[in-house]
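Okay, so here's the structure we're looking at.
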Amino acid sequence: MDQDYQVIVIGGGHAGLEAAWAAANLLGGASSVALVTIATSKVGMLSCNPAIGGLAKGQLVREVDAMGGFMGLVADATGIQFKVLNTSKGAAVHGQRCQSDKAAYARVAQDLIGSRPEIDLVEGTVEQILTTEGAPRRAVGIRIATRDGERDLLAPSLVLTTGTFMRGLMHTGEDQQPGGRRGEAAAYGISACLQELGFELGRLRTGTPPRLRVSTIDTDALELEFGDQEPTPFSELTPGGWSAGETNCARFPLLEQVGCWQSRTSEEAHELIRANLDRAPMYSGNLAQGPRYCPSIEDKVVRFRERESHGVYLEPESLESDWIYCNGIATSLPADIQDEIVKRMPGCENAEILQHGYAVEYDMVRPHQILTTGEARGVRNLFLAGQINGTSGYEEAAAQGLVAGINAAMLARDGADGYEPFSFGRDLAYIGVLMDDLVTKTPREPYRMFTSRAEHRLILRGDNAPDRLTPVAKRLGLLEHSTLGRERWERHTQRTQKLEEGRALMRRLKDGEKTIEQRMLEPGFTVHDLRESLAPHLGEQPRGVWLTLHSEARYAPYIERQRREIERSAELEHRPLPDWMDYAALDSMRTEAKVALEKYRPTTFGQASRLEGITPSDITLLSVLVKRARAERAGQAS
């Protein structure tokens, strides 16, 4: 069968962009990757909040960047407010965030994708996933509907990243409209095709708040909050990190920085919401499960009845428009109720609503049907990434897209027989935590990353992401085929050298009777103090170098303890489970354990130990049973 591409990526959102970018980085060669999307003009759109990063999400963006990824570059190029969250606590739980210019983000994303000769943008709607017959089935291409009719695209690897578009249905009160987001059509063919291929689908929903016209808001009556004076970039490729006041970087100039206004809901609005809950699909039970950690205003006023108000951040969507995003009042209430909620917010008494909030429900594939590589268990050569796997958020989608894109490209390059799957361990990256959680715990609500989900978060800090992962990207071959990749490795080499020099200086230089390393353990010794002490000897360095030196020294005893714990659990964590095990036939094992093992089909004992319903004694028994089954299988073979 002739092939048109090596990898086909379906969907132009954050998962799709990252998958296509990673595949291009790994494969090289013109037109090796197809990026198929319903509308090429919508590639890279920020569907909901125009912001990147946040608590734990910022770590994901840093990790994606360290692997040669896409999102950090675009975020730095289009950020209009940069802020590190949670700075009152330790560096392990800091969260980088930027408010992005919505228009600029899509434009820069499209420009960067367009600059890659490896990637062809293809406009069309996917009607069918083409597969081989027999078992196991393998994906070999797609059938798309274009303006000129149907067309087949063939490739040995497919990555499916449909976002909220699979049978997407939008709700504002009683009003329903098909679509994945406002103004864009839903996709129907893929859901039916996946069901025909044997996938178990679920239904989730998410919501978005109303948008206001800034000129109609009384901003003088509201508190204005700005970001950090020294913006911290996401990407290691942002020259200088702007740390020395460098606001006209060679690649991406720092955009004009803006503030966000703070308003709040009122008790009168809460009473109005409670009186109209039957008209809110997001709350009334008429929709699928939504995100618990990003609740609608309907959820908030019911769950927190004691609260007289809830904070609302009025965030500019772009320097190029007068749209304001109302962060904090996602809703599916009817338009007339939304009008009243907004009017009762301080500063918004006369505010014009440019777009009412709405909920969108969509199909997803229950992720126990994928591996930690993103590859589907039931259909080989087919990878799934993003909200199709039950996650919520741009950053979680990008992380999955990176994983799927890497594996899809390696499978296409090396063939099914030579392909060695790649996945991140939970002790290597937040991305590893994300992928492991998805395949061991089917989301009952859209999955969102938190620092509390990572048991090794002292090691998985945002500041040291390049130290953990850029050597992995180099080993995989992700940095060879592009100028950006080669520059990234050069910067990493320079960073590594400066970190080594900095550590040596901290041990040698004294401040009074103590070394700098000893001073670092004192509560009041800040990153600024470290910089003041070492810069005369080490030279001015990007802020990330100082952050890593500071965090390493402060956390040193705890990091060492955590590394020992990882070493102790490594054997169980990575010990493989055979894919041929018939768990239902294990008569000596508890029914609950057998059901969990059969449903999720874990690939390692570590994954098995994290399944719901599995106890430590189940793992001990499983070890004995697997050993016995292997011996019996070997005897039969001989």
Side-chain angles (χ1 to χ4, degrees), residues 46 48-55 57-58 75 78-89 93-102 207-232 255-273 291 293-301 303-319 321-331 333 337-357 393:
L46 297 172
C48 193
N49 189 5
I52 298 295
L55 300 179
K57 293 171 174 281
T78 61
I80 54 178
Q81 185 190 97
F82 290 82
K83 191 170 187 178
V84 179
L85 309 177
N86 231 18
T87 53
S88 63
K89 299 182 180 179
V93 293
H94 289 178
Q96 279 182 247
R97 181 187 188 272
C98 79
Q99 189 72 20
S100 295
D101 185 303
K102 186 173 185 175
T208 190
R211 273 69 158 182
L212 312 180
R213 190 184 299 279
V214 67
S215 58
T216 63
I217 300 172
D218 183 7
T219 55
D220 291 338
L222 301 174
E223 181 181 349
L224 184 60
E225 183 176 303
F226 287 95
D228 297 336
Q229 286 190 326
E230 284 190 44
T232 302
L255 296 184
E256 175 190 345
Q257 299 296 286
V258 302
C260 299
W261 294 277
Q262 294 186 51
S263 187
R264 62 185 183 277
T265 59
S266 67
E267 180 59 31
E268 294 87 352
H270 292 188
E271 291 300 326
L272 184 64
I273 292 168
Y293 300 106
C294 188
S296 66
I297 188 61
E298 298 95 287
D299 289 328
K300 290 180 182 178
V301 300
R303 286 165 55 187
F304 308 105
R305 294 189 70 92
E306 72 283 0
R307 295 279 298 274
E308 295 182 357
S309 67
H310 293 279
V312 180
Y313 278 93
L314 304 178
E315 302 174 333
E317 287 205 337
S318 173
L319 300 177
S321 79
D322 57 358
W323 283 47
I324 292 292
Y325 181 92
C326 296
N327 193 345
I329 53 171
T331 183
L333 282 159
I337 304 301
Q338 293 188 42
D339 292 341
E340 296 301 319
I341 295 170
V342 169
K343 285 179 182 178
R344 287 168 169 77
M345 287 164 40
C348 300
E349 293 83 357
N350 299 305
E352 177 187 353
I353 297 181
L354 295 169
Q355 177 180 292
H356 286 93

Can you name the side-chain contact (heavy atoms from CB on, under 4.5 Å) partners of [X], sequence neighbours left out?
X: L55; value: L85, N86
X: K102; value: M45, L46, P50, R211, E317
X: R307; value: F304, H310
X: L224; value: F226, W261

With sequence neighbours excluded, what pairs up with [X] under the salt bridge (charged side-chain N to carboxylate O under 4.0 Å, His left out) test?
X: E352; result: R213
X: E315; result: R97
X: D218; result: none

Once you round to the nearest 0.5 Å, how far does [atom1] of [X] lie from [atom2] of [Y]?
X: I329; Y: S296; atom1: CD1; atom2: OG; value: 11.0 Å
X: S266; Y: E340; atom1: OG; atom2: CD; value: 10.0 Å
X: S100; Y: N49; atom1: OG; atom2: CG; value: 9.0 Å
X: I324; Y: I353; atom1: CD1; atom2: CD1; value: 13.5 Å
X: L319; Y: D101; atom1: CG; atom2: CG; value: 4.5 Å

Side chain proximity check, [X] to [Y], heavy atoms < 4.5 angstrom:
X: I337; Y: T331; answer: no
X: N350; Y: T216; answer: no
X: K57; Y: I52; answer: no
X: H356; Y: L333; answer: no
X: P316; Y: V214; answer: no
X: W323; Y: S318; answer: no
X: T265; Y: H270; answer: yes
X: N327; Y: P209; answer: no

Pairs involving residues 259-270, ordered by first then second residue, that meet salt bridge (Lys or Arg N to Asp or Glu O under 4.0 Å) (sequence neighbours left out): E267-R274

Taking [X] for its side chain and [Y] for its backbone only, find out whether a donor-acceptor pair lies under 3.5 Å.
X: Q262; Y: G311; value: no
X: Q81; Y: E225; value: yes
X: Q257; Y: G79; value: yes

Holding to side chain to side chain donor-acceptor pair (under 3.5 Å), I want the full list of residues that pass it with [X], two or more places apart in sequence or in another chain.
X: K300; value: none
X: S263; value: none
X: D228; value: none
X: E349; value: none

Tell me the closest heavy-atom pair linking [X] and [Y], and the distance in Å.
X: P210; Y: Q338; value: CB-OE1, 3.8 Å
X: I297; Y: G328; value: CD1-O, 4.2 Å
X: F82; Y: A75; value: CZ-O, 3.9 Å

Take L314 and C326, measure what side chain to side chain contact (heavy atoms under 4.5 Å, CB included) needs, and give me the verdict at the end. CA-CA 5 Å; L314 304 178; C326 296; 3.9 Å; yes

